[in-house]
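Below is one structure; the comments refer to it alone.
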Amino acid sequence: MESGNNTILEFLLMGLSEEPELQPLIFGLFLSMYLITVLGNLLNILAVGSDPHLHTPMYFFLSNLSFVDICFTSITVPKMLYNIQTHSKAITYAGCLAQMYFFISLLTLDNCFLILMGYDRYVAICHPLHYTVIMNPRLCRISVLVSWIMSFLYSLLQTLMVWRLSFCPDLEIPHFFCELSQLIQLAYSDTFLNDIVIYFGAGLLGGGSFAGILYSYSKIVSSIRKISSAQGKYKAFSTCASHLSVVCLFYCTGMGMYLSLSGNQNSHSSATASVMYMVAAPMLNPFIYSLRNKDIKRALRKFFVVATP
């Protein structure tokens, strides 16, 4: 392969382990986690859509987050399961770029929806009298639309930056999907511009959004401390506890993944660390919301009662 736009044979996804005896175990584990992820997030979407009482900004963002989590795991896990089942590690160059494109866009969308949900909680607790005016349906729809557009444009930029690089054929990727930094490390052309775009994107989208969420919660904590009754404080905090748990899970596992990538560039440990970020976190998100949320559980009970003849 001489340039990024010439014909390229394929990449090889090395997966989590090359031990043949471990492949059935990995297949069963990931298949179970994938099915739980799809089912759990789908139930969240059905609960929100079927109950008019949940047609609020917070649950609107939650249903979008659940949809993105389903897509997020669907772009990587099925390909991994297919490769294990067929005893193949190959992925075409076009397939690798497509997988990377949707991974980056959906990852960015996850980040955007967590920010929107954090802002929603900030308005609900710090400005409760103006909540319905600020978080109006038009603003919610526009913010979601802008998030989708921005995420796909940012992902397109990163993908085009990788497309211009030159690779050797039949390269081994020590991962179970086409991760951006792993691909850049395999290129033999100059990757300076790619590194600049990655660091800029990570600082702006990752660091900036995390700082925004921290600022929102600093205001939330300040407002809760002003509430006189202990019951009022507990009620106010419980409205954002689920979101705070998901934020911690998302950023902590993401930080662990990319610290592992930077410290173990040529080992399978980075792939193992990314399992928590890419598979476990989307699987746990619906349980974090449903187990702690009486409205979601009530909506699901109503949905199954209506669906049962």
[X] side, atom [atom1]; [Y] side, atom [atom2] - distance, nearest 0.5 Å:
{"X": "Met161", "Y": "Leu180", "atom1": "CE", "atom2": "CG", "answer": "10.0 Å"}
{"X": "Ser105", "Y": "Phe102", "atom1": "OG", "atom2": "CZ", "answer": "6.5 Å"}
{"X": "Leu46", "Y": "Asn41", "atom1": "CG", "atom2": "CG", "answer": "11.0 Å"}
{"X": "Gln185", "Y": "Ile173", "atom1": "CD", "atom2": "CD1", "answer": "10.5 Å"}

Exercise. Taking only residues two or more places apart in sequence, or in another chain, which ones meet Asp51 in a salt bridge (charged side-chain N to carboxylate O under 4.0 Å, His left out)?
Worked result: none
Exercise. Distance-only, no hydrogens or angles: does the Glu179 side chain make a donor-acceptor pair with backbone N or O of Gln182 under 3.5 Å?
Worked result: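 Present.
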How would you list, by chain and number, every residue that makes a ring-ring contact (aromatic ring centres under 6.0 Å, His included) with [X], sequence neighbours excluded?
{"X": "Tyr217", "result": "His243"}
{"X": "His53", "result": "none"}
{"X": "Phe60", "result": "none"}

For this session: Please check if the distance between the ring centroids of Phe167 and Tyr188 is under 6.0 Å.
Result: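 No, too far apart.
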For this session: Please test Phe103 against Phe72 for ring pair (Phe, Tyr, Trp, His ring centres under 6.0 Å), starting from the C-alpha separation and ending with a verdict.
Result: CA-CA 6 Å; Phe103 168 76; Phe72 189 57; 5.5 Å; yes
Problem set entry | Residues, nucleotides or ligands: over 12 heavy atoms within 6.0 Å of Lys79 NZ |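 It does: Lys79 NZ has more than 12 such atoms within range.
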For this session: Taking atom CZ of Phe67 as the centre, report whether more than 12 heavy atoms of other residues, nucleotides or ligands fall under 6.0 Å from it.
Result: no
Side-chain donor-acceptor contacts of residues 109-117 below 3.5 Å, not counting sequence neighbours, with atom names and distances?
unit_1: Asn111; atom_1: OD1; unit_2: Ser209; atom_2: OG; d: 3.2
unit_1: Asn111; atom_1: OD1; unit_2: Tyr251; atom_2: OH; d: 2.5
unit_1: Asn111; atom_1: ND2; unit_2: Leu205; atom_2: O; d: 2.7
unit_1: Asn111; atom_1: ND2; unit_2: Ser209; atom_2: OG; d: 2.8

Problem set entry | disulfide (SG to SG under 2.5 Å) partners of Cys178, counting only residues at least two apart | Cys96
Problem set entry | Modelled atom types, side-chain donor and acceptor of Ser74 and Tyr34, under 3.5 Å |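 There is such a pair (donor and acceptor under 3.5 Å, judged by atom type) between the side chains of Ser74 and Tyr34.
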For this session: Looking only at non-hydrogen atoms, find the nearest pair between Asp120 and Met135 and report the distance.
Result: OD1-CE, 3.7 Å
